[in-house]
S.K.: 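Below you'll find the structure I mean.
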Protein chains: 2
Amino acid sequence: MSLPHAILTALLEKPSSGLELTRRFDKSIGYFWSATHQQIYRELGRLEEAGLIRALPGQVPVRGRRKEYEVLPEGSAELARWVAGSQDPKPIRDPLLLRVRAAGVVGAQGLAGELRRHLELHRGQLAMYEAIEAKDFPPGRDSEEDRLRRLVLHGGIGLETFWLRWLEEALDEVPEVLEVPAAPERGPAAGVPE
Amino acid sequence: MSLPHAILTALLEKPSSGLELTRRFDKSIGYFWSATHQQIYRELGRLEEAGLIRALPGQVPVRGRRKEYEVLPEGSAELARWVAGSQDPKPIRDPLLLRVRAAGVVGAQGLAGELRRHLELHRGQLAMYEAIEAKDFPPGRDSEEDRLRRLVLHGGIGLETFWLRWLEEALDEVPEVLEVPAAPERGPAAGVPE
DNA sequence: CGTGCCATGTAAACAGTTACATGATTAT
DNA sequence: ATAATCATGTAACTGTTTACATGGCACG
């Protein structure tokens, strides 16, 4: 149940229309909470219904016409309540780790290439986060809000750094088995029932 | 679409009944792909329907009676195909990071306690992974499958280690604002529109 | 006045979670 | 017999994704 709170946060930082929010969920907010425009429009409707946000007054509600929202006091209160709340960390659920485990039983054909591809993607992501830190958080700015935003950014940096290290270890361990188009020839070590 | 492949992997490692699978998804497999028994039973039905697994022959199909499954050649082939496939890493979506960002706009009441709680949980998780490594992966065992399983375990260890470091940084940054039961008094720095 | 883009939305399918229901087996 | 527990399943709901639909506006 975090999407409404992500939207409240984004709108408190800056009142916006649905499409603007969508763009921001492709950037800053989206670096730790992603959402598509369909999710966003639906949730905006619900939040307005619930009285937590409202369209900026003086806007005719016409489909296809831009509609800006702002957060009502009720919305701020709800967000503060949520921040003070509690939620267990969710267990890991990562397809790449699963893929490696599966490779242990059916062989690692085609896996090394995918690992290299992920390595490149994570390198790019890390570089982007570091560019953001250099640009948006020069030493000196130090308000409470700045410090918390930098902290979140460090979360992203730490995660990407973890993946880089792990992928490097993985590329040392995973054998280079090229994908063979024909019949699945298997060595005796990777034998599978039947 | 990873749950069926998680189940195929688990069944290839050892043919099992639904409940056995459920228990294994609370342990080894579950450390990187969690699933509830409802998901598992539903998916077992689909996989059987699709001809990728079958109930061990010689078992009368009665509700409430244990039913063991094994993977058919079709299932192994499908899993191998999936391992060789490709899938972009999913963007980060973490409620705790979002909470910190939200704290930047509505204040950090109640946050520090939650961070400490998470720190303890992650410490426990890391200790468990390290115990598993010491117990199940003594130096010497070194088959292909062992190496890949250890690699996955290192993923878990790396992730928990990241969270520990980040939470320690966070506790340095997040002020100790105790939760006040009454009206939401806010300092000027955390002011919110309206 | 038509084409392209901006902006808001609807619909359907899929995945995951929570709550509940029911039959079979075992121990007392 | 009955209670506890093992084991399999249904149903309803929530959240996410993908594909599609529609209206407004700017520009040639």
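Heavy atoms only: backbone and side chains are in, while hydrogens, waters and symmetry mates are out. Order of the sequence lines fixes the chain letters, A, B, ..., with proteins taken first and strands second; residue numbering starts at 1 for each chain.
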S.K.: At less than 4.0 Å, is any side-chain N or O atom of B:Arg93 found next to OP1 or OP2 of D:dT16? Yes or no.
M.R.: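 Yes, such a contact exists.
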S.K.: Under 4.0 Å between any heavy atoms, over every strand shown, what does A:Ser17 touch: base, sugar-phosphate, or nothing? Just pick one.
M.R.: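 Sugar-phosphate, backbone atoms only, no base.
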S.K.: Among the nucleotides D:dT8, D:dG15, C:dA7, which one has an atom lying closest to any side-chain atom of A:Arg23?
M.R.: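 Selected nucleotide (nearest to the side chain): C:dA7.
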S.K.: Roughly, in whole Å, what's the span from OH in B:Tyr41 to P in C:dG23?
M.R.: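 That distance rounds to 16 Å.
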S.K.: Between C:dT10 atom C1' and A:Leu44 atom CG, what is the distance in whole Å?
M.R.: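 In whole Å, C:dT10 C1' and A:Leu44 CG are 16 Å from each other.
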S.K.: Take the protein atom CD of A:Gln39 and the nucleotide atom C1' of C:dA11, then report the distance between them rounded to whole Å.
M.R.: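 My rounded result for the distance is 15 Å.
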S.K.: Enter the inter-axis angle for the ends of the helix from C:dC1-D:dG28 to C:dT28-D:dA1 (five pairs per end, rounded to 10°).
M.R.: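 Axis angle across the helix from C:dC1-D:dG28 to C:dT28-D:dA1, nearest 10°: 10°.
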S.K.: Nearest of C:dA7, D:dG15, C:dT18 to any side-chain atom of A:Leu19?
M.R.: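 It is C:dA7.
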S.K.: Given that A:Glu43 and B:Gln38 both sit by DNA chain D, which one's nearest nucleotide is further toward the 5' end?
M.R.: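 The 5'-side residue here is B:Gln38.
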S.K.: Would you give the length of the straight line joining atom CG of B:Leu21 to atom OH of B:Tyr41, rounded to the nearest 0.5 angstrom?
M.R.: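 Rounded to the nearest 0.5 Å, the CG-OH separation comes out at 8.5 Å.
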S.K.: Let me know the distance between CG of B:Asp88 and P of D:dT17, rounded to the nearest Å.
M.R.: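 One finds 13 Å between P of D:dT17 and CG of B:Asp88, rounded.
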S.K.: Rounding to an integer number of Å, can you tell me how far B:Leu21 CG sits from D:dT8 C1'?
M.R.: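 Whole-Å distance recorded here is 13 Å.
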S.K.: Using a strict 4.0 Å threshold on nitrogen-to-oxygen distance, state whether B:Glu114 and B:Arg117 make a salt bridge.
M.R.: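 B:Arg117 and B:Glu114: salt-bridged.
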S.K.: How do B:His37 and B:Arg42 order along DNA chain D: which one's closest nucleotide is nearer the 5' end?
M.R.: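 Whichever sits nearer the 5' end wins; that is B:His37.
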S.K.: Output a table of donor-acceptor pairs, distance under 3.5 Å, between side-chain atoms of residues 168-178 of chain B and any protein atom two or more places apart or on a different chain; print 'none' if there are none.
M.R.:
residue: B:Glu169; atom: OE2; partner: A:His154; partner atom: ND1; Å: 2.5
residue: B:Glu173; atom: OE1; partner: A:Arg147; partner atom: NE; Å: 2.7
residue: B:Glu176; atom: OE2; partner: B:Arg116; partner atom: NH1; Å: 2.7

S.K.: How are the rings of B:Tyr129 and B:Tyr31 set relative to one another: parallel (under 30°), tilted (30 to 60°) or perpendicular (over 60°)?
M.R.: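 B:Tyr129 and B:Tyr31: perpendicular rings.
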S.K.: To the nearest Å, give me how far apart CZ (B:Arg65) and C1' (C:dT25) are.
M.R.: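 Answer to the nearest Å: 10 Å.
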S.K.: Is A:Arg101 close to B:Ser28 at the side-chain level, that is, under 4.5 Å between some pair of heavy atoms?
M.R.: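 The answer is yes, as the side chains (C-beta and beyond) meet within the 4.5 Å cut-off.
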S.K.: Looking only at atom types and distance, does a side-chain atom of A:Arg99 sit under 3.5 Å from a main-chain N or O of B:Gly85, one as donor and one as acceptor?
M.R.: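 Yes; at least one donor-acceptor contact below 3.5 Å.
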S.K.: Atom CD1 of A:Ile40 to atom P of C:dT8: distance rounded to whole Å?
M.R.: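 Those two atoms, CD1 and P, are 11 Å apart.
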S.K.: Quick check: is B:Ile7 connected to B:Leu56 through a chain of hydrophobic side chains (ILVMFWY, heavy atoms under 4.5 Å apart)?
M.R.: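 No, it is not one cluster - the side chains of B:Leu56 and B:Ile7 are not joined through contacts under 4.5 Å.
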S.K.: Rounding to a whole Å, what distance do you find between B:Leu3:CG and C:dA13:P?
M.R.: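 That distance rounds to 21 Å.
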S.K.: Determine: side-chain N/O of A:Arg66 to OP1/OP2 of C:dA7, distance under 4.0 Å, yes or no.
M.R.: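 A:Arg66 to C:dA7 OP1/OP2: side-chain N or O found under 4.0 Å.
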